[in-house]
Amino acid sequence: EAWVTDFTLPNVVWLAGFFNPQSFLTAIEQSTARKNEWPLDRMVLSVDVTKKAKDDFNSAPREGCLHSRSFYGGGQMGLAIWYDSRFPLKELTPAMPVMFIKAVTVDRQETKNVYDCPVYKTKERGLPL
């Protein structure tokens with residue numbers, strides 16, 4: 001609650017908890033573009049999955065945001081990379097580790113060794129990020 005009065009980003013956010021999560025993601029792109037003097041129409045979001053839980057973060061990142069409470073639907077074998085020995089067996093939608101969402105320009109976007117998959121902002125499937 002303090003982040004509303006102080007205008008500082010919380011350590012970790014939950015996108016589905018926002019009334020309009022897309023506007024928050026757009027604000028990440030806008031603030032990064034303004035800070036670095038990059039053209040807004042060349043900005044894209046990049047998501048990195050960390051190996052940490054929400055409680056492992058003591059502060060918000062300088063750029064972008066940390067997002068928690070996402071779930072991995074189906075094909076959970078890919079989660080073994082993040083969970084190591086804590087791999088949740090027999091769960092249809094296990095929780096993901098914290099994701100780091102940041103804005104980068106199209107020419108700086110990492111394209112090698114990247115798994116391109118849809119990420120939905122809410123449980124209802126619609127347009128991905």
Side-chain angles (χ1 to χ4, degrees):
E1 294 177 11
W3 74 282
V4 176
T5 57
D6 296 341
F7 298 108
T8 59
L9 195 61
N11 299 350
V12 181
V13 298
W14 175 47
L15 285 179
F18 289 121
F19 177 75
N20 187 354
Q22 185 61 48
S23 64
F24 181 76
L25 296 172
T26 302
I28 291 173
E29 290 180 333
Q30 290 172 337
S31 63
T32 303
R34 188 176 302 122
K35 180 179 177 183
N36 297 306
E37 298 181 359
W38 293 336
L40 183 58
D41 61 342
R42 304 277 299 153
M43 301 299 291
V44 293
L45 291 173
S46 175
V47 179
D48 295 320
V49 180
T50 69
K51 292 186 178 186
K52 297 181 180 181
K54 177 183 175 182
D55 298 331
D56 296 335
F57 295 95
N58 298 326
S59 63
R62 287 182 284 174
E63 289 186 354
C65 75
L66 294 167
H67 164 65
S68 69
R69 294 171 50 178
S70 283
F71 296 91
Y72 192 80
Q76 73 183 135
M77 288 305 296
L79 284 180
I81 297 167
W82 297 298
Y83 280 104
D84 299 325
S85 62
R86 299 174 289 141
F87 183 60
L89 298 175
K90 297 184 181 180
E91 286 188 38
L92 294 177
T93 55
M96 295 273 301
V98 172
M99 293 188 284
F100 176 48
I101 303 172
K102 62 183 176 181
V104 296
T105 56
V106 174
D107 57 332
R108 295 181 187 191
Q109 184 179 20
E110 184 66 38
T111 56
K112 294 181 181 177
N113 298 322
V114 172
Y115 178 63
D116 190 19
C117 68
V119 177
Y120 298 96
K121 296 177 283 258
T122 61
K123 281 186 176 182
E124 289 77 30
R125 291 191 176 201
L127 295 174
L129 291 176

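No hydrogens, no waters, no symmetry mates; every other heavy atom, side chains included, goes into these values.
D41 meets the side-chain contact (heavy atoms from CB on, under 4.5 Å) test with P39; sequence neighbours excluded. D48 pairs by the salt bridge (Lys or Arg N to Asp or Glu O under 4.0 Å) definition with K102, not counting sequence neighbours. Legend: residues meeting salt bridge (Lys or Arg N to Asp or Glu O under 4.0 Å) with K54, ordered by chain and number and at least two apart, are absent. Contacts of T32 classified as side chain to side chain donor-acceptor pair (under 3.5 Å), with partners at least two apart in sequence or in another chain: none. Not a single side-chain contact (heavy atoms from CB on, under 4.5 Å) links R62 to another residue, sequence neighbours left out. Contacts of E37 classified as side-chain contact (heavy atoms from CB on, under 4.5 Å), with partners at least two apart in sequence or in another chain: none. In this structure N58 satisfies the side chain to side chain donor-acceptor pair (under 3.5 Å) test with no other residue, sequence neighbours excluded. Partners of K35 under the side-chain contact (heavy atoms from CB on, under 4.5 Å) rule, at least two apart in sequence or in another chain, are E63. Shown here are the side chain to side chain donor-acceptor pair (under 3.5 Å) partners of S46, two or more places apart in sequence or in another chain: there are none.
A heavy-atom distance below 4.5 Å is not found between the side chains of T50 and D56.
In this structure, W38 shares a hydrophobic cluster with L40, M43, the cluster being traced through Ile, Leu, Val, Met, Phe, Trp and Tyr side chains under 4.5 angstrom apart. Hydrophobic side-chain contacts under 4.5 Å tie V44 into a cluster, directly or through other members, with V104, V106. The other residues sharing a hydrophobic cluster with V98 are V12, F57, L66, F100, where clustering joins ILVMFWY side chains under 4.5 Å apart.
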May I have the step-by-step check of side-chain contact (heavy atoms from CB on, under 4.5 Å) for F24 and L9, ending in yes or no?
CA-CA 11 Å; F24 181 76; L9 195 61; 3.6 Å; yes

Residues I101, L15; criterion side-chain contact (heavy atoms from CB on, under 4.5 Å); working and verdict
CA-CA 11 Å; I101 303 172; L15 285 179; 3.9 Å; yes

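Minimum interatomic distance between I28 and C65 (heavy atoms only, all atoms of both residues): CD1-SG, 3.6 Å. Between K112 and E110, the closest heavy-atom pair is O-OE2, 3.4 Å. The shortest heavy-atom contact between P10 and A60 is O-CB, 3.4 Å.
Criterion: ILVMFWY side-chain heavy atoms under 4.5 Å apart, direct or through other members. Under it, V49 and W14 are not part of a common hydrophobic cluster.
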